[in-house]
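Below, chains carry the letters A, B, ... as their sequence lines are ordered, and counting in each starts from 1. The structure displayed is predicted, hence computed values, not measured ones.
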There are 2 protein chains.
Amino acid sequence: MHKEHTLTKNQQIIFDLIDKSPEPMKAYSILFNVQKKGIKAPLQVYRALDKLVEIGKIHKIESRNAFIACHNSSCQMAKATAFSICEICEKVTEISNDSLSKYLANFKDKDGMKYSKYNLEFFGLCKKCKVK
Amino acid sequence: MHKEHTLTKNQQIIFDLIDKSPEPMKAYSILFNVQKKGIKAPLQVYRALDKLVEIGKIHKIESRNAFIACHNSSCQMAKATAFSICEICEKVTEISNDSLSKYLANFKDKDGMKYSKYNLEFFGLCKKCKVK
DNA sequence: ATTAAATTGTTATAATATAACAAAATGTAA
DNA sequence: TTACATTTTGTTATATTATAACAATTTAAT
């Protein structure tokens, strides 16, 4: 269950922008888009992004240095994330699949060690791009 | 099966350095370390890194912007990679686990889509750091 | 030997991210 | 409701990561 966080002004502005975006957004693209709202410096963006990631409202797509809103209530506090990424159009979709998340959450390495957190990125062609 | 690639001079210098390193190396740390061997510019490093990643001799740890040598003959051409990362000491280990790699290679999303490639990063505490 | 392809060297610059510190807003407890 | 601590903000400067563009050299395949 998510603890509800009240977002601050900057966090809300930046979350709203990312949440509306159909694709992952990069930090400086976010900055450009919120300058008219008074957010002028990279650090203001990065601080909001850090917090939003921390509380699980957005995720960072590590291979792309870009951010998307979380639409998966089961990825508690960003501790278990999985995405599919189209290598042509760069469309990113968050995967929510019980079998996958259970498998990974319970995965033990050869020393019997379990992990508190994971991030998985699948790459391939999305439906649209496969057809072309 | 890996096609054997003959590394070029710069590629060999940079691969040897990464291969000897007990921890992932960052691009500018690599640059600093190979300057005495005549590699002077970032681009020379990045070009070698790109090629080494492409042929599967090294992997990029995306969440750390760092590179480690591959010690896993089964991760054909860097198409299927999994790592454990200690959040305290930053030790990174490549995971080679048949069950895991089979599970992920065969994973289909809800549209029945399979992926040609994946990268998985597990986070937690390594044995040493857990004890402390 | 000729030539195409890959690699290298080099300068400049783009893109991503953080340090440091002061000011303002917010939360909490008497 | 004031005092105090904490968090958030604003701001300037700078660090870190990565690529563009183009000429020169080396390598591989005829």
Whole angstrom value for the distance that separates [atom2] of [N] from [atom1] of [X]:
| X | N | atom1 | atom2 | answer |
| --- | --- | --- | --- | --- |
| B:Ile30 | D:dA18 | CD1 | P | 10 Å |
| B:Leu31 | C:dT8 | CG | C1' | 15 Å |
| A:Ile55 | D:dT7 | CD1 | P | 14 Å |
| A:Leu7 | D:dT7 | CG | C1' | 14 Å |
| A:Lys51 | D:dT6 | NZ | P | 14 Å |
| B:Leu49 | C:dT7 | CG | P | 14 Å |
| A:Gln11 | C:dT26 | CD | P | 12 Å |

ask   = Between C:dT8 and B:Thr8, is there an OP1 or OP2 to side-chain N/O distance shorter than 4.0 Å?
value =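 True: B:Thr8 side-chain N/O within range (under 4.0 Å) of C:dT8 OP1/OP2.
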With a 4.5 Å cut-off on side-chain heavy atoms, are [Y] and [X] touching?
| X | Y | value |
| --- | --- | --- |
| B:Glu54 | B:Asp50 | no |
| B:Tyr103 | A:Leu100 | yes |
| B:Lys91 | B:Lys128 | no |

request  = Indicate yes or no for a side-chain donor-acceptor contact from A:Glu23 to the backbone of A:Glu90 under 3.5 Å, with no hydrogens or angles considered.
outcome  =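 No.
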request  = State which residue, out of A:Ile68, A:Asp19, A:Val53, fulfils the side-chain contact (heavy atoms from CB on, under 4.5 Å) condition with A:Ile58.
outcome  =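 Considering A:Ile68, A:Asp19, A:Val53, a side-chain contact (heavy atoms from CB on, under 4.5 Å) with A:Ile58 is found only for A:Val53.
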ask   = If the sugar-phosphate is the primed atoms plus P, OP1 and OP2 and the base is the rest, what is the B/S/- string for nucleotides 9-16 of chain C, using protein heavy atoms under 4.0 Å?
value = BBB----B
ask   = Taking atom CZ of A:Phe83 and atom NE2 of A:His59, what is their separation to the nearest 0.5 Å?
value =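 Here the interatomic distance stands at 5.0 Å.
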